[in-house]
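Numbering of ligands and ligand atoms starts at 1, following listing order. Here the structure is a predicted model, which is why all the values come from computation and not from measurement. Below, all heavy atoms of this structure are taken into account, side chains as well, without hydrogens, waters or symmetry copies.
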Amino acid sequence: MEKYVIKGGHRLVGTVDISGAKNAVVAILPAVVLSDGPCVIENVPNISDVRVCIKILRHLGAKVEKLTKTSYYIDPTTINSYSVPYELAKKMRASYYFLGALLGKYGSARVSMPGGCSLGDRPIDQHIMAFVALGARNTLSQGMIDLVAPENDGKPELRGGKIFFNVITVGATMNAILAAVRAKGTTIIESAAKEPHIVDLANFLNSMGADIMGAGTDTIKIKGVSELHGTTYAVIPDQIEAGTFMVAAAITRGDVTVNNIIPKHLESITNELVKIGVNVETFDTSVRITADKPFRRTTIVTAPHPGFPTDMQPQISTLLTLAEGTSRITEAIWDNRFEYVKELRRMGAAITVDGKVALIEGKGRLTGAQVDACDLRAGAALIIAGLAASGITEIGTISHIERGYDGMERKLCALGADIMKVGTPEEDDDDDCGDDNGNNNGGNGIA
Ligand code: EPU
């Protein structure tokens, strides 16, 4: 098992380039299934969730080649299976995007119930409701979700429909788009999620000839098309990776330019950091973070975009352990996203949790300890804590972190952090992510 060993107390200084967005690419790679021709996807991060997506595409019969460190050629025209087995689906929450993509293209999808970080109950009722609104029949047996489109003249055909979500949901909004894009007629999605990755998915599909309007607003209108052509498309930068480095820079009182970003996507994070007393200078495609004042307490409630992202909650809470006064954090999206708190307590943090609310009493000091990355963003928070702590922090179960951060320790080392990966990779970390001939081309995730 690998772990990160961090010697805290080093200021981060320099420039870091942000990779492509995890939560966009894990929808865009499945969306390639919908194309009638080969696609090239650029700015793909080297993370294990991408490696799982590639494995699933190959399992379905698609031809996948790694062109460069960050780009893939994917030919979906050789797909000959509509089924994603448990062994693959359990590794990644976003495996549910193959439901919408396979149903939308072939009128048939069989995907095992998805895995992913444990953040409390993660139902997929809204996804199923959207598929059913487009005419699909749904059955669940032995943990497999089966979707079948009705037949018209002997051919499977979804029909456009009206979809109104009861909760704001990123995944179900994306899945509804994937299923509707080739359906007959027009689909209207009301109460849609507005995250940047939803706009990115719509832009990708539109670049293949889809007709999607309104992505990034509450109402998305999709006119079904009968063909989608191949395209070349670059994934947007990762908003949460950028935010994570912004907090890491602040907590070490460093001077870091976070580069290759879209500042608009970071507004809610920037606003909170400024309230806490961090200096954020915004440029066209970068932000510069410095911190020379005491950190101030604050109150944050996580919310769907454009609110403060739940995926930044553990990281900013870690910064607040060093602030003056008591901060109040409400986690409004997930039932169970304070698991990292017990690990931070081992490092000297004073945090109490009551249901969805955490009270963080700023202590001004963290000390190194052995801790466990219980999920992806918890892992990021513990890295941030380790960078600021006195002494040595050892973080276990780093496979969670590598699901979503591309070269985390390499990027931190380049900024002056003392962080090392030690131990033997887990079996999955050796996964070949290279071309169809088994050539790796540097894609094994070992930085
Ligand atoms: N929900 C339902 N029914 C559904 C779907 C969702 O009740 O059918 C509820 C959820 O239980 C939750 C809320 O709606 O309370 C929002 O869930 P959403 O569907 O938006 O989450 P998701 O699509 O499963 C994605 C990201 C998460 C991120 C959330 C919220 C991916 C692969 N995952 O999850 O990312 O926290 O949106 O922004 O895109 C992460 O990157 O660390 C991560 C967990």
Would Arg337 and Asp311 pass as an ion pair if we require N to O under 4.0 Å? yes

Applying side chain to side chain donor-acceptor pair (under 3.5 Å) to Lys275 and not counting sequence neighbours gives Glu272

With only distance considered, is Asn23 within less than 3.5 Å of ligand 1 through an N or O on each side? yes

Decide, yes or no, whether a salt bridge links Glu87 with Lys90 under the criterion of side-chain N to carboxylate O below 4.0 Å. no

Of all the atoms in ligand 1, which lie at a distance below 4.0 Å from a heavy atom belonging to Ile333? 12 (C), 15 (O), 16 (C)

With a 4.0 Å heavy-atom cut-off (strictly under), which part of Phe165 contacts ligand 1: side chain, backbone, both or neither? neither

Could you tell me whether Lys411 and Glu409 have a side-chain N and a carboxylate O separated by less than 4.0 Å? no

Considering Gly307, Gly404, Pro123 one by one, which has a heavy atom nearer to atom 11 (O) of ligand 1 than any of the others? Pro123

Under 4.0 Å to a heavy atom of Gly171 - the qualifying atoms of ligand 1, by number: 19 (O), 23 (O)

Arg345 vs Glu343, salt bridge (Lys or Arg N to Asp or Glu O under 4.0 Å): CA-CA, chis, key distance, verdict: CA-CA 5 Å; Arg345 284 191 194 124; Glu343 304 301 301; over 6 Å; no

Answer yes or no: does an N/O atom from Lys22 fall short of 3.5 Å to an N/O atom of ligand 1? yes

Which atoms from ligand 1 have a heavy atom of Thr310 less than 4.0 Å away? 30 (C), 36 (O)

Is Arg337 in contact with ligand 1, taking contact as a heavy-atom separation below 4.0 Å? yes

Select the closest option to atom 16 (C) of ligand 1 among Val167, Asn175, Val170, Ile168, judged by heavy-atom distance. Ile168

Does a side-chain N-to-carboxylate-O contact under 4.0 Å join Glu157 and Arg159? yes

Answer yes or no for Met129: is there a heavy-atom contact with ligand 1 below 4.0 Å? no

Which segment of Asp311 sits under 4.0 Å of ligand 1 when only heavy atoms are counted: side chain

Which of parallel (below 30°), tilted (30 to 60°) and perpendicular (above 60°) describes His127 and Tyr96? tilted

Checking the N or O distance criterion of under 3.5 Å, is ligand 1 in contact with Asp125? yes

Heavy atoms only, cut-off 4.0 Å: how does Gln126 contact ligand 1, side chain, backbone, both, or neither? both

Salt bridge check: are Lys22 and Asp238 linked by an N-O gap of less than 4.0 Å? no

Interfacing atoms of ligand 1 (cut-off 4.0 Å, heavy-atom, Leu376): 42 (O)

Salt-bridge present (Lys421, Glu402; N to O < 4.0 Å): yes

